[in-house]
Amino acid sequence: MKKLGYGMVVVLAACIGALAWSFAPATLPVTAPDMPLQLIHPQPPADMRVGVFMAGRMESQGAFAYRGGPFETIEFGMDVVVVEHPKGILMFDSGFGRNVIKHTETIPWLMRQMSKITPEIPVVDQLSSASLAPERIAGVILTHAHWDHVSGLDDLRGVPVWITQTERDFIRDGGDKTTLARSLGELNYRIYDFEGGPYWGFPASHDVFGDGSVVLVPAGGHTPGSIIAFIHSADGASYALIGDLAWQHEGVDLPAERPWLSRVLVDEDAQGVRDALIKLHLLKMAKPDLVIVPAHDRRVMSTLPPATRSNPLAAPG
Ligand SMILES: [Zn+2]
């Protein structure tokens with residue numbers, strides 16, 4: 001009996017040691033790209049604009065974000081990038097909605113314990129103060145369908161929600177990872193395909209406006225149908241909205257994946273996430289002026305122009 005007790009202590013100590021080790025700094029191996037980086041130059045219209053709405057935040061441990069992350073509380077933004085293009089206004093993800101506190105009841109208990117949620121002004125209310133009527137939104141393009149990216153859709157009924165078939169299936173079959181998206185019911189989903197060729201190291205693409213200003217590529221792993229949105233504005237700035245492939249930009253810069261505990265809780269395919277992080281790391285090396293925008297890295301989001309300023313495109317039309 002005594003022997004069994006010692007054995008259990010040893011096993012417990014080994015488990016605690018392994019868990020601690022999983023948070024230790026470790027970078028992913030960077031190898032040569034498996035396809036050429038075709039750096040196609042886009043031609044965005046001169047009056048296209050890119051901005052961001054800050055639409056909620058969550059405080060959590062930095063150590064959860066990437067291997068080697070700080071053991072201190074950091075802020076995770078729940079922000080919405082807005083593209084005002086002459087052919088239509090696009091939003092990327094939807095931030096925390098008016099019912100976000102109720103929405104948190106749909107997420108697993110352990111995830112609720114790991115973070116503190118602070119609502120900010122819901123995006124639907126920020127849209128009206130920016131004279132952007134929801135009817136003028138051509139679409140909300142989801143980077144993926146986790147709860148913190150779809151909460152604001154509850155306030156935007158009728159607005160087209162652009163999504164891949166793979167992610168639509170994940171909403172149906174994703175268990176507790178997509179409880180909130182499922183509970184929102186049948187939204188105005190628009191399914192799109194990646195009919196375009198390889199783009200910036202990714203195997204296929206969808207050019208939203210046909211001018212190279214907004215290009216979506218598949219980057220499954222965090223969820224099966226996760227995407228990256230490349231945005232090129234007329235002022236020469238280029239952004240890669242990478243959703244939750246990394247929660248903070250160090251995930252791409254180092255590159256470093258999430259620690260084991262975070263991966264188990266949120267990633268469907270850890271190898272898919274690693275592959276995408278390495279591709280993004282290589283892309284950033286080839287194109288240093290590309291701004292990598294993790295959906296929750298408020299340090300990066302804060303460098304984007306606010307979407308709330310007065311804008312001629314925002315006038316009621
Ligand atoms: Zn996510």
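Just so it is clear, the model here is predicted, and its values are computed rather than measured. Residues: numbered from 1 along the sequence shown.
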Residues at least two apart in sequence or cross-chain that pass side-chain hydrogen bond (donor to acceptor under 3.5 Å, both in side chains) with Lys177, listed by chain then number, are Glu268

With sequence neighbours left out, the residues meeting side-chain hydrogen bond (donor to acceptor under 3.5 Å, both in side chains) with Asp169 are Gln165

Under 4.5 Å between any side-chain heavy atoms of [X] and [Y], yes or no?
X	Y	value
Met48	Ile231	yes
His146	Ile107	no
Ile101	Pro119	yes

Contacts satisfying side chain to side chain donor-acceptor pair (under 3.5 Å) that involve residues 252-261 (not counting sequence neighbours) are His222-Arg258, His249-Asp253, Glu257-Arg263, Glu257-Arg274, Arg258-Asp267

Going from [atom1] on [X] to [atom2] on [Y], what distance comes out if it is rounded to the nearest 0.5 angstrom?
X	Y	atom1	atom2	result
Thr104	Met58	OG1	CE	9.0 Å
Leu184	Ser151	CG	OG	8.0 Å
Trp162	Ile191	CH2	CD1	12.0 Å
Lys102	Asn99	NZ	CG	7.5 Å
Thr143	Phe92	OG1	CZ	10.0 Å
Leu254	Thr27	CG	OG1	7.0 Å

Practice prompt. Please assess Ile242 against Ile292 for the test side-chain contact (heavy atoms from CB on, under 4.5 Å), listing each intermediate value before the final yes or no.
Written response: CA-CA 7 Å; Ile242 67 166; Ile292 303 284; 3.9 Å; yes

Enumerate the salt bridge (charged side-chain N to carboxylate O under 4.0 Å, His left out) contacts for [range], please, sequence neighbours excluded, ordered by first and then second residue.
range	answer
residues 114-134	Arg57-Glu120, Arg98-Asp125, Glu120-Arg298
residues 137-161	Asp154-Arg157
residues 221-250	Glu250-Arg299

ask   = Parallel, tilted or perpendicular: which fits the ring planes of Phe23 and Phe64, with parallel below 30° and perpendicular above 60°?
value = tilted

What class does the angle between the rings of Phe230 and Tyr199 fall in, given that below 30° is parallel, 30 to 60° is tilted and above 60° is perpendicular?
tilted

Shortest non-hydrogen contact from [X] to [Y]?
X	Y	result
Ile137	Pro160	O-CD, 3.8 Å
Asp211	Pro45	OD2-CD, 3.3 Å
Val50	Pro305	O-CG, 3.4 Å

Enclosure of Gln43 CD (heavy-atom neighbours >12, cutoff 6.0 Å): no

His232 and Ser238 side chains, donor-acceptor separation under 3.5 Å:
yes

Do Glu167 and His144 pair up side chain to side chain, a donor and an acceptor below 3.5 Å, judged on atom types alone?
no

Query raised in the report: Would Asp47 and Arg49 count as a salt bridge (Lys or Arg N to Asp or Glu O under 4.0 Å) if you check the C-alpha gap in whole Å, the side-chain angles of each, and the deciding distance to 0.1 Å?
Result: CA-CA 6 Å; Asp47 49 359; Arg49 292 193 176 165; over 6 Å; no

*asked:* Check for me, please, whether Phe53 and Ile121 land in the same ILVMFWY cluster - side-chain distances under 4.5 Å, paths through other members count.
replied: no

